[in-house]
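Everything on this sheet refers to the single structure shown next.
All values below come from the heavy atoms of this structure, side chains included, with hydrogens, waters and symmetry mates left out. Everything numeric in this text was worked out from a predicted model, so none of it was measured.
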Amino acid sequence: MGKKLRLFLILLAWSGAIGGMIDGLITLYAAWEIAKDANIGIGVTVETHISMHLPILYFLKEVGYALAPNALIDWIFALPALLYFPFRVLVNLLFGWIMLTWANRLEVAEGDLAA
């Protein structure tokens, strides 16, 4: 049981790390779009950024509506992209660190039992 849980925690940590990297790339892309186009302000929303520049990801709004209250999803998509995506990077890093810490504790605990 412990080995499977440890593997699950490690997979969660890596999925968070990969998600954080993707969010970091989205942040850089948003900053680049803002820098190159004077018509896009620094307060460009998540909604506008995704719909204009990353339409392939726009389906995530419908997924959000299916999983959470519509008002929450509307609020998230109304946030400034340059605040939201860096925040997600930090959350993913924190999430990954916590998962790896737990996985390490499981390894230590199993090693204590085996001795």
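- Nearest approach of Ala68 to Ile73, heavy atoms of both residues: CB-CD1, 3.9 Å.
- Scanning both residues, Ile50 and Phe77, for their nearest heavy atoms gives CD1-CE2, 4.2 Å.
- Hydrophobic clustering, with ILVMFWY side chains joined whenever heavy atoms are under 4.5 angstrom apart, groups Ile98 together with Leu12.
- No donor-acceptor pair closer than 3.5 Å links the side chain of Thr48 to the backbone N or O of Val44.
- Taking each heavy atom of Ala81 and Pro86 in turn, the nearest pair found is O-CD, 3.7 Å.
- Inter-residue side-chain proximity for Leu100 and Leu9 is flagged as unmet; no heavy-atom pair is nearer than 4.5 Å.
- In the displayed structure, Phe8 atom CZ is contacted under 6.0 Å by at most 12 heavy atoms of other residues, nucleotides or ligands.
- In this structure, Thr27 OG1 and Leu83 CG are separated by 10.0 Å, a value rounded to the nearest 0.5 Å.
- Leu57 CG to Ile22 CD1: the interatomic distance, rounded to the nearest 0.5 Å, is 8.5 Å.
- The minimum heavy-atom distance between Lys61 and Asp74, with the atom names listed, is CE-OD1, 3.9 Å.
- Ile10 approaches Ala103 most closely through the heavy-atom pair CG1-CB, 3.9 Å.
- Ring-plane geometry between Tyr29 and His49 is classed as tilted, the angle between the planes lying from 30 to 60 degrees on a 0 to 90 degree scale.
- There is a path of hydrophobic side-chain contacts, each under 4.5 Å, that joins Leu72 to Tyr84.
- Atom OH of Tyr65 is surrounded by more than 12 heavy atoms from other residues, nucleotides or ligands within 6.0 Å.
- Under the 4.5 Å side-chain heavy-atom criterion for Ile, Leu, Val, Met, Phe, Trp and Tyr, Phe95 and Leu67 are members of distinct hydrophobic clusters.
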Does the side-chain contact (heavy atoms from CB on, under 4.5 Å) test come out yes or no for Ile40 and His53, once each step is laid out?
-> CA-CA 11 Å; Ile40 301 174; His53 305 290; 3.4 Å; yes

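- With hydrophobic clusters built from ILVMFWY side chains whose heavy atoms lie under 4.5 angstrom apart, Val63 shares a cluster with Ile26.
- With values rounded to the nearest 0.5 angstrom, Leu54 atom CG is found 8.5 Å from Glu33 atom CD.
- Atoms CG and CG, on Leu28 and Leu82 in that order, are 10.0 Å from each other to the nearest 0.5 Å.
- With hydrophobic clusters built from ILVMFWY side chains whose heavy atoms lie under 4.5 angstrom apart, Val89 does not share a cluster with Phe85.
- Here the side chains of Asp23 and Phe87 are not in contact, with every heavy-atom distance at 4.5 Å or above.
- Put simply, the side chain of Asn92 gets close to the backbone of Arg88: a donor and an acceptor are under 3.5 Å apart.
- Taking the side chain as every heavy atom from C-beta outward, Trp97 and Thr101 approach each other to under 4.5 Å.
- In the displayed structure, Ile42 atom CD1 is contacted under 6.0 Å by at most 12 heavy atoms of other residues, nucleotides or ligands.
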